[in-house]
Amino acid sequence: MAKVFCDFRLLLLVAAVVFIYIQMRLFATQSKYADRLAVAIEAENQCTSHKRSLIDQISSQQGRIVALEEERKRRDQECGQMRSLVQDLERKDLRRLIDKVQVPVAAVVIMACNRADYLERTINSVLKYQRPISSRYPVFVSQDGSNSDVKSKALSYDELSYMQHLDFESVKTERPGELIAYYKIASHYKWALDQLFYKHNFSRVIILEDDMEIAPDFFDYFEAMATLLDKDKSIMAVSSWNDNGQKQFVHDPYELYRSDFFPGLGWMLARSTWDELSPKWPKAYWDDWLRLKENHKGRQFIRPEVCRTYNFGEHGSSLGQFFKQYLEPIKLNEVQVDWKSMELSYLFEDKYATHFANNIKKAKPVSGSDIIQKAQSIDGDVRIKYKDQWDFENIAQKFGIFQEWKDGVPRTAYKGVVVFRYQTTRRIFLVGPESLKLLQIEDF
């Protein structure tokens with residue numbers, strides 16, 4: 001019995017030990033999982049915190065996005081206002097700013113000597129229309145000699161540049177009785193044009209004299225003509241003058257002509273032509289020299305019907321020659337012609353002869369000793385044929401136009417034809433003996 005009880009107690013002891021062992025293992029396992037759980041909870045807490053941080057950052061970024069969107073809208077509004085401002089400036093003052101970087105159309109030189117009062121009148125007339133476009137037409141005064149009043153007057157204007165030609169060499173005329181002034185003028189012209197083309201490097205120069213006033217569309221006219229001058233090498237120069245531009249002989253401010261006779265008195269020359277002329281420039285009478293066929297070589301000149309310059313110089317080197325009869329009655333254009341919008345291709349050499357011939361064909365032929373009375377009785381244009389220079393001078397005298405010829409060419413003539421208005425819008429075409437043949441018109 002005692003042995004059985006002892007065995008039972010031993011079993012109980014073994015069971016207790018096993019139980020205790022199992023409990024210890026369970027406790028260890030629970031502790032291990034408890035630690036893992038704590039770590040997981042901690043990780044979860046960190047994840048939750050990080051998530052909240054991200055949510056806070058996203059919220060912050062969304063706020064910044066909203067702020068940036070509002071900033072963008074504000075900037076867009078400012079840009080819109082700036083665009084409106086720029087457009088307004090373009091309409092008002094921006095063109096002046098742009099002009100400062102534009103290549104000049106041409107330099108304008110006023111040739112002066114000893115007439116300070118005349119020079120002032122000319123400068124004021126030029127600057128009146130040049131100031132808004134000053135960068136496209138820089139103005140120079142070129143003085144020949146040392147007259148202090150002229151120099152002071154020129155230097156009193158900030159808007160122009162002053163040049164002075166001093167030539168102290170004695171002048172020897174080629175013929176007795178000639179005026180030295182014509183030699184000095186020719187020398188001055190060569191010096192001034194050399195300065196402007198070669199020292200200042202202008203591509204074109206407009207030459208004025210110190211006794212001229214200009215028309216409101218003077219600069220627009222020359223800007224339009226610059227294109228023709230560059231493209232058509234049969235055009236030697238462009239003039240703003242019509243020798244028969246007296247009030248009774250002109251009407252249409254839009255009409256332009258080609259001429260074989262150099263008009264002068266406000267004209268534009270290209271550098272390429274000056275390169276040819278400068279080395280052989282004459283000692284005197286430069287304008288008549290340009291009218292010689294050997295120098296213009298068949299090239300022609302553009303001139304308007306209504307003058308864009310007015311010559312008020314009654315007192316000067318020419319001693320007032322023809323002033324009362326031919327210069328004082330000149331009509332200066334008063335119409336602001338929009339030359340940029342004008343169709344001017346008819347002036348090109350390959351088109352002009354046909355254009356001019358068509359006008360002559362429409363004119364009614366008139367002949368006889370009473371041509372003026374006959375011309376007055378016709379409503380439309382009239383053409384009158386002359387036989388030779390003497391005949392032309394006789395007819396020109398009756399009408400009152402210039403009678404002068406140079407090297408076989410009447411003033412203003414194209415292919416021997418001189419055209420002018422007479423009393424009304426009627427045009428009179430004085431047609432030379434070879435004109436119809438040259439213009440390919442059947443004789444009448």
Side-chain angles (χ1 to χ4, degrees), residues 105-108 137 203-208 212 214-215 217-245 249-274 276-277 287 290-291 293 295-311 330-333 335 337-360 402 406 409-421 427 429 438-439:
V105 175
V108 179
Y137 294 94
S203 59
R204 305 177 203 90
V205 175
I206 298 172
I207 301 100
L208 293 171
M212 293 180 179
I214 66 172
D217 65 341
F218 176 88
F219 292 109
D220 290 339
Y221 166 73
F222 275 111
E223 184 167 358
M225 294 304 104
T227 301
L228 288 172
L229 189 62
D230 292 343
K231 292 182 177 180
D232 189 344
K233 298 307 177 183
S234 70
I235 299 174
M236 191 172 192
V238 175
S239 177
S240 58
W241 182 260
N242 174 13
D243 283 306
N244 291 321
F249 300 131
V250 298
H251 171 75
D252 188 354
Y254 299 89
E255 189 68 48
L256 303 177
Y257 294 92
R258 290 178 76 113
S259 174
D260 297 306
F261 191 98
F262 172 64
L265 296 179
W267 55 290
M268 180 168 65
L269 184 70
R271 175 170 174 163
S272 58
T273 305
W274 183 245
E276 171 195 338
L277 298 178
D287 48 353
L290 276 177
R291 292 166 183 146
K293 294 174 184 176
N295 295 318
H296 64 70
K297 298 179 180 179
R299 288 168 292 185
Q300 292 155 347
F301 308 90
I302 302 295
R303 68 165 182 87
E305 176 173 319
V306 182
C307 290
R308 266 59 189 184
T309 46
Y310 178 79
N311 190 307
I330 287 289
K331 177 178 175 58
L332 179 64
N333 176 58
V335 179
V337 176
D338 182 11
W339 289 106
K340 292 179 182 178
S341 66
M342 294 286 291
E343 171 54 54
L344 301 173
S345 62
Y346 70 93
L347 289 167
F348 284 112
E349 182 181 26
D350 60 343
K351 295 182 179 180
Y352 187 75
T354 301
H355 165 81
F356 192 68
N358 288 337
N359 289 330
I360 295 176
F402 254 109
K406 292 293 181 182
V409 180
R411 281 186 181 266
T412 77
Y414 172 75
K415 306 293 186 185
V417 179
V418 172
V419 56
F420 57 95
R421 308 275 176 174
R427 281 181 295 190
F429 294 93
L438 292 172
L439 293 166

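Since we're looking at a predicted model, the values are computed, not measured.
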Does the side chain of V409 come within less than 4.5 Å of R291's, by heavy atoms? no

Applying salt bridge (Lys or Arg N to Asp or Glu O under 4.0 Å) to D217 and not counting sequence neighbours gives R308

Hey, could you give me the CD1/CE distance between I207 and M212, rounded to the nearest 0.5 Å? 10.0 Å

Who pairs with T354 by side chain to side chain donor-acceptor pair (under 3.5 Å), at least two apart in sequence or on another chain? none

Filter on salt bridge (Lys or Arg N to Asp or Glu O under 4.0 Å), then keep only pairs touching residues 223-237, sequence neighbours left out; what's left? R136-E223, R204-D230, D232-R258

Got a second to check how far I235's CD1 is from S259's OG, nearest 0.5 Å? 12.0 Å

The test is ring pair (Phe, Tyr, Trp, His ring centres under 6.0 Å); show your working for Y414 and F356 and say whether it passes. CA-CA 9 Å; Y414 172 75; F356 192 68; 5.2 Å; yes

Could you work out, with salt bridge (Lys or Arg N to Asp or Glu O under 4.0 Å) as the rule, every residue matching R411, not counting sequence neighbours? D243, E404

F420: what forms a ring pair (Phe, Tyr, Trp, His ring centres under 6.0 Å) with it, not counting sequence neighbours? F249, F399

Can you tell me how far CG of L265 sits from CG of N311, rounded to the nearest 0.5 angstrom? 5.5 Å

Between I360 and L439, is a side-chain contact (heavy atoms from CB on, under 4.5 Å) present by the stated rule, with each step listed? CA-CA 9 Å; I360 295 176; L439 293 166; 3.5 Å; yes

Does the side chain of E255 come within less than 4.5 Å of V250's, by heavy atoms? no

Intermediate values then yes/no, side-chain contact (heavy atoms from CB on, under 4.5 Å), N359 and F429: CA-CA 9 Å; N359 289 330; F429 294 93; 4.0 Å; yes

Residues at least two apart in sequence or cross-chain that pass side chain to side chain donor-acceptor pair (under 3.5 Å) with T309, listed by chain then number, are S240

With sequence neighbours left out, the residues meeting side chain to side chain donor-acceptor pair (under 3.5 Å) with E276 are R299

Can you classify the ring geometry of F219 versus Y137 as parallel (below 30°), tilted (30 to 60°) or perpendicular (above 60°)? tilted

Results of side chain to side chain contact (heavy atoms under 4.5 Å, CB included) for S345 - residues two or more places apart only: E343, F348, K351

May I have the step-by-step check of side-chain contact (heavy atoms from CB on, under 4.5 Å) for I214 and L208, ending in yes or no? CA-CA 9 Å; I214 66 172; L208 293 171; 4.2 Å; yes

Considering non-hydrogen atoms only, spot the tightest contact between G245 and C307 and give its length. CA-SG, 4.3 Å

Residue list, ring pair (Phe, Tyr, Trp, His ring centres under 6.0 Å) with W241, at least two apart or on another chain: none

Going by the rule side chain to side chain donor-acceptor pair (under 3.5 Å), which residues pair with D338 if we only count those two or more places apart in sequence or in a different chain? S341

Less than 6.0 Å separating the ring centroids of F301 and W267? no

How many angstroms lie between CG in D220 and CE in M342, if you round to the nearest 0.5 Å? 12.0 Å

Might you point out which heavy atoms bring Y257 and V419 nearest each other, and give the distance in Å? CE2-CG1, 3.5 Å

Close side-chain approach of L256 to M225, heavy-atom, < 4.5 Å: yes

Holding to ring pair (Phe, Tyr, Trp, His ring centres under 6.0 Å), I want the full list of residues that pass it with Y346, two or more places apart in sequence or in another chain. H355

With F218, which residues qualify under ring pair (Phe, Tyr, Trp, His ring centres under 6.0 Å), at least two apart? F222

When you measure from the side chain of N242 to the backbone N and O of V306, does any donor-acceptor pair fall under 3.5 Å? no

